[in-house]
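When a ligand or atom number is given, it counts from 1 through the structure's own listing order.
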Amino acid sequence: PPIDESRVVRVESPADGVRLLRVDRPAARNALSMEVRRQLAGYLGECARSTEVRCVVLAGNPQAFAAGADIKEMADAGTVDMMKRGVLDLWRATAACPKPVIAAVRGYALGGGCELAQLCDIIVAGRSAKFGQPEIKIGIMPGGGGTQRLTAAVGKHKALRYLLTGDVFGADEAFAMGLVSEVVADDAVEPTAIAMACRIAAMPPLAAELIKDVVMRGMDMPLEAALTLETRALHLLFSTRDQKEGMAAFIEKRAPAFTGT
Ligand code: CAA
């Protein structure tokens, strides 16, 4: 049966403050159709605006986090068709979430799927997860940040080794290269990602957002400017109640109650 594109991303609420967005197109190994991309960007925008959501988990299914762009959707496309699809805007909208986003990767994370994981802030991978940028094998190249984010994460020589051969690599190799944050048993991927999201959700959210913001912006800046941005952001947090609460709780030897104000 044809895939029902109306519900290719599912929204789950596994814990207080945590939203899990699940790419759910198993018949196509979670290939990123335009509809998946639109729904991901839309739901992440909702998470960004929600006062309840403190941390987001992106997940797929046991076989695939996402096997890349939908090849069937673009096989016959021309340059103008590709330009009109506006995929870059959707990638930007997906990457723009100011709240922490954790990728929970089981199975294949290839091409655009690997890039989707890379635009998350933390990557938890199952021991049998498979990563790669195989675009070259089908006559194209990455278009969702793979040439830039992969290189930033693992360095030029490792990145080009995989970008030019299209070879797939496992979770342990990805961890050794610095592409993933943590490797766990396949069954533990989502519980681990959700538990980490819960711990982040319990942190003062303004501090979490500023930490992410300074890390992301700082990567594109000269060091001195980035260090100034860091200091200004730190000083800003001294006008939040959560700073007063966090420090008072430490001194009074009690658990802090953060309010996001
Ligand atoms: N696009 C469209 N359909 C896909 C797909 C994709 N990226 N990946 C898998 N599928 C479909 C298959 O066509 C197949 O459909 P049918 O049942 O209708 O034949 C179904 O999913 C199952 O796939 P397989 O039978 O191949 O499953 P497998 O378990 O043997 O292999 C796989 C899984 C290794 C992921 C293999 O499917 C594969 O190599 N997929 C393509 C990976 C790829 O090249 N990704 C890069 C895409 S380009 C890109 O991402 C660049 C960009 O942003 C511009």
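Put simply, part of Met74 is less than 4.0 Å from ligand 1, judged by heavy atoms. In this structure, Ala28 has a heavy atom closer than 4.0 Å to ligand 1. Heavy-atom distances between Pro142 and ligand 1 stay at or above 4.0 Å for every pair. Using a 4.0 angstrom heavy-atom cutoff, Lys137 does not count as in contact with ligand 1. A heavy-atom separation below 4.0 Å is not found between Gly113 and ligand 1.
Side-chain atoms of Arg22 come within 3.5 Å of backbone N or O of Gly60 as a donor-acceptor pair.
Distances from atom 22 (C) of ligand 1 to the protein include at least one heavy-atom value under 4.0 Å. Checking atom 30 (O) of ligand 1 against the protein gives no heavy-atom contact under 4.0 Å. Put simply, atom 4 (C) of ligand 1 has protein non-hydrogen atoms near it, under 4.0 Å away. Within a 4.0 Å radius of atom 26 (O) of ligand 1, the protein contributes no non-hydrogen atoms.
Residues Thr240 and Asp242 have side chains that never bring a donor and an acceptor to within less than 3.5 angstrom of each other. Counted by atom type alone, Thr228 and Arg232 present zero donor-acceptor pairs between their side chains at under 3.5 Å. Glu5 and Ser33 share a side-chain donor-acceptor pair at under 3.5 Å.
Near Glu135, with a cut-off below 4.0 Å to any heavy atom, the atoms of ligand 1 are 48 (S), 49 (C), 50 (O), 51 (C). Here is the list of ligand 1 atoms found below 4.0 Å of a heavy atom in Gly68: 50 (O). Remark: ligand 1 atoms within the under-4.0 Å shell around heavy atoms of Ala27 are 20 (C), 21 (O). Atoms of ligand 1 lying under 4.0 Å from at least one heavy atom of Gly112, given by number and element, are 49 (C), 50 (O).
Phe169 and Phe131 have parallel rings, their planes meeting at less than 30° on a 0 to 90° scale where 60° marks the start of perpendicular.
In terms of hydrophobic clustering, with Ile, Leu, Val, Met, Phe, Trp and Tyr side chains grouped at heavy-atom distances under 4.5 Å, Val8 and Leu44 are assigned to a common cluster. Tracing side-chain contacts under 4.5 Å through hydrophobic residues (I, L, V, M, F, W, Y), one reaches Val183 starting from Val105; they form part of the same cluster. Clustering ILVMFWY residues whenever any of their side-chain heavy atoms sit less than 4.5 angstrom apart, transitively, puts Leu210 in a cluster other than the one holding Val53. Neither Val168 nor Phe65 shares a network with the other; the hydrophobic side chains, linked directly or stepwise wherever heavy atoms of I, L, V, M, F, W or Y lie under 4.5 Å apart, form separate groups for each. Hydrophobic clustering keeps Leu164 apart from Ile140 (ILVMFWY residues linked when any side-chain heavy atoms are closer than 4.5 Å, directly or through intermediates).
A salt bridge links Glu35 to Arg38: one of the charged nitrogens lies within less than 4.0 Å of a carboxylate oxygen. Ion pairing of Glu73 with Arg85 is present here, as a side-chain N (NZ or NE/NH1/NH2) and a carboxylate O approach within less than 4.0 Å.
Residue, atom and distance of the protein heavy atom nearest to atom 8 (N) of ligand 1 are Ala67 CB, 3.6 Å. Nearest protein neighbour of atom 38 (C) of ligand 1, counting heavy atoms only, is Leu110 CD1, 4.6 Å. Looking only at protein heavy atoms, the nearest one to atom 33 (C) of ligand 1 is Tyr108 CE1, 3.6 Å.
For Ile71, a nitrogen or oxygen atom sits less than 3.5 Å from a nitrogen or oxygen atom of ligand 1, counting backbone and side chain alike. In terms of N/O distances under 3.5 Å, ligand 1 is approached by Lys72. Looking at ligand 1, you won't find any N or O of Pro134 less than 3.5 Å from one of its N or O atoms. For Arg29, a nitrogen or oxygen atom sits less than 3.5 Å from a nitrogen or oxygen atom of ligand 1, counting backbone and side chain alike.
With a heavy-atom cut-off of 4.0 Å, Ile138 touches ligand 1 through its side chain alone. By the criterion of a heavy-atom distance under 4.0 Å, the side chain of Ala31, and not its backbone, is placed next to ligand 1. Contacts of Ala69 with ligand 1, taken as heavy-atom pairs under 4.0 Å, involve both backbone and side chain. Contacts between Glu115 and ligand 1, counted as non-hydrogen atom pairs separated by less than 4.0 Å, involve the side chain only.
A 4.5 Å side-chain heavy-atom check between Cys55 and Ile102 finds at least one atom pair inside the cut-off. Arg54 is not listed as a side-chain neighbour of Met203, based on a closest heavy-atom distance of 4.5 Å or more.
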